[in-house]
Amino acid sequence: MEGYDGRRYDPEGMKRAYDKLEHNNARAEAIRAAIKAADQQEDNPYRIFFRLDLCRESCFYGDRLDMMVIFPEVLAIADRYPDTPHTIFNNNFKDSMDHILWVYKWILSSCSGFYQIPMSDCRKFFADFKRRSQAYGYNLKPYYKLKSLFYQSIDREENERAFHLFEQLPRDGNCDCKACDRTGTIDFYLRKGDLQRADALSKDIENFTLRCGGGERMRSWVNMKAHYMHYYLRKQDFAKAQTYCEMIDPRRVKNDEFSYWDDFLYCYAHTNIGKALQIYKSNWKRWQEQRQPATIFGNSLNIACFFMELYRTRRRKTVKLALDASFPLFTEHGQYRIADLYRYYYDRAADMAHKLDTRNGTDYYRLLLQETVGEQPWEE
């Protein structure tokens, strides 16, 4: 069999080839090429598998937009060919639908972050996942966990109601590993301000008797420490938060799935402004290219806070930066007014806040923006 480009169709070879690539656009493009070849051959197991691999790449190493676009295609193929078997690469699942239900959880965890997805469509996703899970024989423990996360910034009562339903149900084959469920539970109680309960739940992860089932020794430990970092950042206890920044710095622990550099930036802006400036210089381009609105909001909010602190601590009100022409305020001489940079990121965060809150019917993001930086931090 030949693929779309005239070469011999070899799905196993394509999979092994793109697995050797770094997690970047080149790898994503190689997966898209594999999808195109499998579509041409009407190879349904790989049509589904390659799409789910693109979902994984987008979810853990991108900005999740590609996942949100491609996943409806997965459902359409699965509904047309409901008995599609797994491949040699996902034979830890019973069949393709079992794999789809696993990835479906990533979709539900991302719905709240895209204002482009109407609330009605978000609810349809949840209802569809619920229906498919029950039809497959799974219970609704993951459904309630994800529903709780979805309502975290929308409806606090619904967030808590769904979480406690998640707690009550037994585990089954579509649940996240015990360690991942535990870190999510720790985050819930930290957000409630119940530090004592969170500490008690953290002991097994702290001593590594409970680890992520995904095979990465440090993953759950890093996620747990990140939840504590966020807890202290919300309290604006920056000295305490810095200890957690240092613990999970990717230069100290292996962690290529999750990035906390914008949180580090926010923290160090209040404890080590020089270090914060270096973090901005190293990461501005990646932050500028983000496409998930909730992530753009969070990044822009943290960056605005950084420039607010930089303005307050520097004698000069300009900063020298090696930005490129893709940056909206780019200047060839590289000198930027700090107030202009603050305003750019503040306005960017405000735009995302308005769009997310409008979709959600709340004022959660706008209030968070106002509480964190306010409207104007200095007198011109």
Side-chain angles (χ1 to χ4, degrees), residues 63 225-226 228-252 258-290 292-354 365-380:
D63 54 24
K225 296 299 183 184
Y228 275 90
M229 174 186 69
H230 292 139
Y231 169 77
Y232 287 108
L233 288 176
R234 288 191 295 269
K235 292 173 68 67
Q236 296 194 340
D237 185 343
F238 298 110
K240 188 71 172 179
Q242 181 176 326
T243 64
Y244 289 93
C245 295
E246 293 166 354
M247 287 181 195
I248 62 175
D249 189 310
R251 291 167 294 191
R252 295 187 58 184
F258 305 100
S259 172
Y260 302 106
W261 286 112
D262 63 310
D263 298 306
F264 295 172
L265 177 80
Y266 175 52
C267 180
Y268 286 119
H270 297 85
T271 61
N272 186 336
I273 196 68
K275 190 166 187 176
L277 179 59
Q278 291 306 311
I279 290 173
Y280 176 79
K281 289 178 177 179
S282 299
N283 291 276
W284 75 267
K285 181 78 169 180
R286 181 171 56 82
W287 291 329
Q288 194 67 29
E289 293 173 349
Q290 273 287 339
Q292 185 182 32
T295 302
I296 294 171
F297 169 81
N299 289 345
S300 299
L301 173 58
N302 287 339
I303 299 168
C305 289
F306 157 67
F307 280 118
M308 179 173 66
E309 293 304 315
L310 187 66
Y311 185 94
R312 289 172 172 168
T313 57
R314 285 174 72 98
R315 292 182 179 178
R316 295 180 61 190
K317 301 311 176 186
T318 62
V319 61
K320 180 80 170 178
L321 296 170
L323 309 181
D324 63 35
S326 67
F327 188 69
L329 305 185
F330 171 73
T331 61
E332 291 187 358
H333 53 70
Q335 286 287 345
Y336 296 87
R337 293 180 70 245
I338 299 173
D340 292 341
L341 292 168
Y342 165 82
R343 176 53 59 183
Y344 168 73
Y345 284 108
Y346 178 91
D347 288 346
R348 198 167 186 240
D351 179 50
M352 293 298 105
H354 172 74
Y365 286 99
R366 282 171 287 190
L367 284 176
L368 179 58
L369 179 62
Q370 290 296 319
E371 291 169 359
T372 306
V373 295
E375 175 65 22
Q376 179 66 38
W378 55 69
E379 294 294 332
E380 290 286 0

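A salt bridge (Lys or Arg N to Asp or Glu O under 4.0 Å) check over residues 297-309, counting only residues at least two apart or in different chains, returns the pairs Glu309-Arg312.
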Return all side-chain donor-acceptor pairs below 3.5 angstrom for residues 239-247, not counting sequence neighbours, or 'none' if the list is empty.
| from | atom 1 | to | atom 2 | distance (Å) |
| --- | --- | --- | --- | --- |
| Gln242 | OE1 | Thr271 | OG1 | 2.7 |
| Gln242 | NE2 | Glu246 | OE2 | 2.9 |
| Thr243 | OG1 | Lys240 | O | 2.6 |

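Distance check: Leu369 CG to Asp351 CG gives 11.0 Å after rounding to the nearest 0.5 Å. Once rounded to the nearest 0.5 Å, the distance linking OH of Tyr260 with NE2 of His230 reads 6.5 Å. A distance of 4.5 Å separates CG of Leu265 from CH2 of Trp287, quoted to the nearest 0.5 Å. Rounding to the nearest 0.5 Å places CD of Gln290 at 6.0 Å from CG of Asn299. Rounding to the nearest 0.5 Å places CG of Asn272 at 13.5 Å from CZ of Phe264. For the atom pair CD1 of Ile303 and OH of Tyr342, the computed distance is 13.0 Å after rounding to the nearest 0.5 Å.
Taking each heavy atom of Leu310 and Ile273 in turn, the nearest pair found is CD1-CG1, 3.8 Å. Nearest heavy-atom pair, Cys305 versus Thr372, reported as atom, atom and distance to 0.1 Å: SG-CG2, 3.4 Å. The two residues Gln288 and Pro328 come nearest to each other via the heavy atoms NE2-CD, 3.6 Å.
Side-chain atoms of Lys317 come within 3.5 Å of backbone atoms of Tyr311 as a donor-acceptor pair (strictly under, hydrogens ignored). A donor-acceptor pair under 3.5 Å is absent between the side-chain atoms of His354 and the main chain of Ala350, judged by distance alone. Counting only distance, with no hydrogens or angles, the side chain of Lys285 and the backbone of Phe327 share no donor-acceptor pair below 3.5 Å.
Checked against side-chain contact (heavy atoms from CB on, under 4.5 Å), Arg286 has the following partners two or more places apart in sequence or in another chain: Ser259, Trp261, Asn283.
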Give the C-alpha distance, both sets of side-chain angles, the deciding distance and a yes or no for side-chain contact (heavy atoms from CB on, under 4.5 Å) between Tyr280 and Leu321. CA-CA 10 Å; Tyr280 176 79; Leu321 296 170; 3.8 Å; yes
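Taking the six-membered ring wherever Trp is involved, the centroid distance between the rings of Tyr266 and Phe238 falls below 6.0 Å.
Ring pair Phe297/Tyr365 is perpendicular by interplanar angle, where above 60° counts as perpendicular and below 30° as parallel. Between Phe307 and Tyr345, the ring planes are parallel. Angles under 30° get that label, and only those over 60° would be called perpendicular.
Side-chain contact between Phe306 and Ile279 is absent, with no heavy-atom pair separated by less than 4.5 Å.
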